[in-house]
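To start, the structure under review is shown below, and the notes come after it.
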Amino acid sequence: MIENLVIVESPAKAKTIEKFLGKDFRVISSFGHIRDLTKKKNLGIDVENDFAPDYEVPKEKTKVVSELRKAALEAKNIWIASDEDREGEAIAWHLAVVLKLDLSTTKRIVFHEITKDAISGAIDNPRSIDMNLVNSQQARRILDRLVGFEISPVLWKKVQPSLSAGRVQSVAVRLLVEREREIFAFKPESSFRVTSLFRTDDKIKENGIIRAEASKRFPDEKEAQKFLELCSTSGYEVAGVTVKPGTRSPAPPFTTSTLQQEAYRKLGFSVAQTMAVAQKLYESGKITYMRTDSTNLSKLALVKSREVIISEYGEKYSKTRQFKTRTKGAQEAHEAIRPAYPDNQSVSGNQNEKKLYDLIWKRTIASQMADAVMEKTTISIDMNNSSVKFNATGEVIKFDGFLKVYTESSDQENNDEERYVIPPVKKGMPLYYNVVTASQKFTSPLPRYTEASLVKKLEELGIGRPSTYAPTISTIQNRGYVSREDRPGEKRQIRILALDGGKVTTTSRTEITGREKAKLFPQDIGMIVNDFLVENFSEIVDYNFTAEVEEQFDEIALGNIKWTGMLKKFYVPFHKTVENTLEKKERKTGIRVLGKHPETGESVTVRMGRFGPVAQIGNSENDNKPRFASLSKNQLLETITLDEALNLFRLPRTLGFHEGEEIIVGIGRFGPYIRYKGKFVSLKKGVDDPYTVTIERALEVIHEKAEDEKKKVIRDFGDIMVLNGRYGPYISKEKQNYRLPKGTEAEKLTADECTRIIEKSNKTKKSS
DNA sequence: CAGTGAGCGAGCTTCCGCTTGACTT
């Protein structure tokens, strides 16, 4: 018999709380939700009967639930301590129902921080389960099920099987598709930006250098040239100097979203990777909970951080701050993400754990440090033969404050404006130019989203929760809607005019534009699904949809409106739209007519086919059979041209014959290849082009592959072989591969030894 | 693993939010 049983959501939390509570308390965890809507019939919802939900304990939860039941039977008092938010309240209610506790007397408690005082305070002040809050969760859950499970089947019928739609994922895809189209439509414009290096000294070129920019940009090279000629004969004078003090404040401590952004920008982590590493740190007690939307720090954390700052950097670097959470729809059930023990400046663990901890430590400590104080100097410089002015700005840090520890990164890539100090000048002082440069600058479109910047955008729109950001990003990639890719970019010539010693010289420079790294690119199927949803379910993919239903969930939580009524208002028209769409709308294939074949006059089209995007010449209405070719990677239905489509039909082609066998070159799933005697050889990336490769080169590649094959076999015992693979030697038998025990000499293996290794490996597999 | 694009039909896919392992190489 246990005196007191406390149920929390997370096992790591259970462990720490048990320590504080002592012997009379046992603390166990529910591992999150324990029940969900069934998938078996009617979506788990009886829409005819006031949306009565049909809940079940999912298979993977039965073990946890039976353990909870057992513990509940043995306990005298039960305290449900799930998180203090909508989902947490629902978990408490499901627990009470499943464990057959009396709803009116079940003790519901919440902790705001994990300290002895906070926990015993909570135990002393139990409340009952808030059914209004529970009902707002039921409305949220049921609405999401209705949206997801009624629209997805429409996509299976009208677009392609296995697709999905949902309140969160479909908006994420829409953001990406719309940004991509803005980028397609973007026409870069160029202008000339004029910068000048002035000096304060008449004679010595190196003295008192001031970097300044002209107040005007020039539309073309001619205008820039004209201006530089003016510059060459102009006199210059300091027209004004202003010195303004300024301060900068530290960023608030990490939430899930800001942690994902900074770990991407500073460490190059994907959002899934960030969460996995943070989970490890959390489980080993090094950081607080990593799925949170709160920037709040506990009193204990504030006090500890202050101590660390004073002892490391001194009293004047400390400034205790509490940050308000501004995020839309934040529920603040947890603290911000922070070191569990701020006095641990570093932790043990693997490299990634150390790096992420370091980032969290710095961000937390910096948030409790003093503002940085700077002095910003602006100088304006007059010309005596033009109304154009030059302006220079410089910044001096008077007190570094939090910058000593941490600076937040930004998504903008051009960080070329480093801080620089302007030499002392006075109004009326003459200046002399060293060199004046006019360089061509192109405008660029809004950047493509990264995983992290998409999370940021979703959070701003109040769409998704800390526990779902990473899974949502995975889902839209798994469905094929978007793909995370690099692009090499393209070369572009820019013109540079330089005035030096009274002469203007013009040069060209090559710059790379459109280079992308780990960006999210919408794919054809993502664009087709998005357009279908925007056409037919505009309400659901509206950027404000979530915010609007959230307002109603809040009203339900306050007891102002009934959850079933809210659902009915939404569902009746929504369901009608679903039926209408099923009945009346055509299949959507994203078809585009590109034009006519220049020789045969047949129509050339592209569309989404059964196996992906396809180009087609002719159609089955004519007697001629239509011809098909798959689009290659990086080509989109939306942007492919007639010429590009026709080009696809040039492959596969026959290069010629060797020893009576045909040599064919083509592009397959894994890139360009050569087929000879029934075997495939990949062409080297970036070296060979399948459209121009010669038969001589093809034979060379085939020969190289044959040589490699020979080296691959170390020992050959018939059905058992010892082979050389990517990760070193291994044993292969009946298409199964086996690792060699450490220290084995592959060349000396006998057939018997191989059999033994295989048997041993099979045994350990079965026993586990 | 380098192909496929006729049509039919059975049986499957799918949501968002809360939590972690259970698997494999």
Side-chain angles (χ1 to χ4, degrees), chain A residues 8-14 29-37 39 43-45 60-61 63-64 82-83 85-92 94 137 140-157 160-170 275-276 279-280 282-283 289-291 331 333 463-469 471-472 475 478-479 540 546 589 607-616 619-620 625-630 651-652 664-675 678-683 690 725-727 730 736-739 765 768:
Chain A
V8 296
E9 290 181 41
S10 151
K13 198 171 171 181
S29 108
S30 75
F31 293 79
H33 274 293
I34 54 156
R35 284 207 304 183
D36 192 13
L37 297 171
K39 291 181 184 178
L43 315 174
I45 305 155
E60 62 275 16
K61 286 287 182 181
K63 203 176 150 206
V64 187
S82 47
D83 298 342
D85 58 15
R86 198 162 65 199
E87 298 297 327
E89 204 66 16
I91 289 173
H94 284 298
Q137 192 276 346
R140 199 280 304 154
R141 178 67 192 92
I142 289 170
L143 181 130
D144 280 336
R145 170 59 65 85
L146 290 171
V147 168
F149 275 37
E150 291 213 359
I151 299 183
S152 297
V154 178
L155 294 178
W156 305 342
K157 285 214 173 68
Q160 230 176 54
S162 303
L163 296 174
S164 65
R167 176 176 57 81
V168 174
Q169 59 169 285
S170 297
M275 294 314 283
Q279 178 87 30
K280 274 268 181 314
Y282 168 66
E283 282 171 9
Y289 195 57
M290 64 283 155
R291 289 184 276 264
Q331 309 205 358
I463 298 172
R465 304 277 313 128
S467 67
T468 60
Y469 295 138
T472 300
T475 299
N478 291 339
R479 297 275 171 277
I540 307 299
T546 290
T589 62
R607 65 184 163 84
M608 185 54 75
R610 280 207 292 158
F611 310 108
V614 66
Q616 179 174 349
N619 52 51
S620 37
K625 254 196 172 176
R627 285 180 288 154
F628 299 94
S630 291
L651 294 175
I664 294 166
V665 56
I667 297 179
R669 279 219 293 148
F670 311 100
Y673 65 88
I674 296 165
R675 199 166 77 205
K679 279 194 175 168
F680 291 88
V681 188
S682 286
L683 280 173
R726 263 200 300 170
Y727 310 113
Y730 67 96
Q736 293 267 352
N737 296 341
Y738 303 89
R739 220 187 302 180
K765 258 180 219 164
S768 63

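Source: prediction; values computed, not measured. Below, chains carry the letters A, B, ... as their sequence lines are ordered, and counting in each starts from 1.
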Could you tell me if the side chain of Ser10(A) sits less than 4.5 Å from the side chain of Ser29(A), heavy atoms only?
no
For a 4.5 angstrom cut-off between non-hydrogen side-chain atoms, does Pro690(A) reach Val665(A)?
yes
Atom pair distance, as rounded to whole Å: CD in Gln137(A) and C1' in dC16(B)
10 Å
Euclidean distance, atom CG of residue Leu155(A) to atom P of dC15(B) [Å, nearest integer]:
11 Å
If you find the nucleotide of DNA chain B closest to Pro161(A) and the one closest to Ala629(A), which residue's nucleotide is nearer the 5' end?
Ala629(A)
Fill in the dot-bracket string of DNA chain B, one character per base: . for unpaired, | for a pair to another strand, ( ) or [ ] for pairs within the strand, taking Watson-Crick or G-U pairs under 3.5 Å.
.........................
Does Phe628(A) lie flat on the base of dT4(B), that is, centres under 5.5 Å apart and planes under 30° off?
no
Does the base of dG5(B) carry an N or O that pairs as donor and acceptor with the side chain of Ser630(A) under 3.5 Å?
yes
Does Leu37(A) reach the side chain of Leu43(A), with side-chain heavy atoms less than 4.5 Å apart?
no
State, yes or no, whether a side-chain contact exists between Phe31(A) and Pro11(A) at a heavy-atom distance under 4.5 Å.
yes
Indicate, with a heavy-atom threshold strictly under 4.0 Å, whether Gly464(A) touches base, sugar-phosphate, or nothing.
sugar-phosphate
Quick one: the side chain of Arg145(A) and the base of dC16(B), do they pair up donor-acceptor inside 3.5 Å?
no
Under 4.0 Å between any heavy atoms, over every strand shown, what does Leu163(A) touch: base, sugar-phosphate, or nothing? Just pick one.
sugar-phosphate
Look at Arg140(A) together with Glu87(A) and state whether they make a salt bridge at an N to O cut-off of under 4.0 Å.
yes
May I ask you to say what Arg479(A) touches in the nucleic acid, namely base, sugar-phosphate or nothing, with a heavy-atom cut-off under 4.0 Å?
sugar-phosphate
Gap between atoms CG and C1', on Asp36(A) and dC16(B) respectively (whole Å)
9 Å
Sugar-phosphate only, base, or nothing, as touched by Gln169(A) at under 4.0 Å among non-hydrogen atoms
sugar-phosphate
Would you indicate whether the side-chain heavy atoms of Gln160(A) and Leu155(A) approach each other to under 4.5 Å?
no
Is the closest basic N to carboxylate O distance between Arg291(A) and Asp83(A) below 4.0 Å?
no
Answer yes or no for this row: Phe680(A) ring on dC1(B) base, centroids under 5.5 Å, planes under 30°.
no
Describe the nucleic acid contact of Gly612(A) in one word from base, sugar-phosphate, nothing, applying a heavy-atom distance below 4.0 Å.
base
Considering only heavy atoms from C-beta outward, does the side chain of Lys13(A) approach that of Glu9(A) to under 4.5 Å?
no
Does Thr472(A) reach a base, just sugar-phosphate, or nothing at all? Heavy atoms under 4.0 Å.
nothing
Considering every strand and a 4.0 Å limit on heavy-atom distances, what is the contact class for Arg86(A): base, sugar-phosphate, or nothing?
nothing
Is it the case that the base of dT14(B) and the side chain of Ser164(A) share a donor-acceptor contact (distance under 3.5 Å, atom types as modelled)?
no
For Arg140(A), which contact category applies under a 4.0 Å heavy-atom criterion: base, sugar-phosphate, or nothing?
base
Within the 4.5 Å heavy-atom criterion, are Ile142(A) and Arg145(A) side-chain neighbours or not?
no
Side-chain contact, heavy-atom cut-off 4.5 Å: Gln137(A) with His33(A)?
yes
Quick one: Ile91(A) CD1 to dC16(B) C1', roughly how many Å, whole number?
13 Å
Using whole Å, what does the distance between atom P of nucleotide dC18(B) and atom CG of Asp85(A) come to?
6 Å
Review item, nucleotides 19-22 of chain B N/O atoms under 3.5 Å of protein N/O:
| residue | atom | partner | partner atom | Å |
| --- | --- | --- | --- | --- |
| dT19(B) | OP1 | Tyr289(A) | OH | 2.5 |
| dT19(B) | OP2 | Tyr289(A) | OH | 2.5 |
| dT19(B) | OP2 | Arg291(A) | NE | 3.0 |
| dT19(B) | O5' | Tyr289(A) | OH | 3.3 |
| dT19(B) | O4' | Gly32(A) | N | 3.4 |
| dT20(B) | OP1 | Ser10(A) | OG | 2.5 |
| dT20(B) | OP2 | Gln279(A) | NE2 | 3.3 |
| dT20(B) | OP2 | Arg291(A) | NH2 | 2.8 |

So what does Val614(A) hit on the nucleic acid, given a heavy-atom distance under 4.0 Å: a base, only sugar-phosphate, or nothing?
base
Could you check whether Asp36(A) pairs with Lys61(A) (Lys NZ or Arg NE/NH1/NH2 to Asp/Glu carboxylate O, under 4.0 Å)?
no
Counting the atoms with a prime plus P, OP1 and OP2 as sugar-phosphate, which does Ala90(A) contact under 4.0 Å by heavy atoms, base, sugar-phosphate, or nothing?
nothing
When all nucleic acid strands are considered with a 4.0 Å heavy-atom cut-off, which category describes Gly609(A): base, sugar-phosphate, or nothing?
base
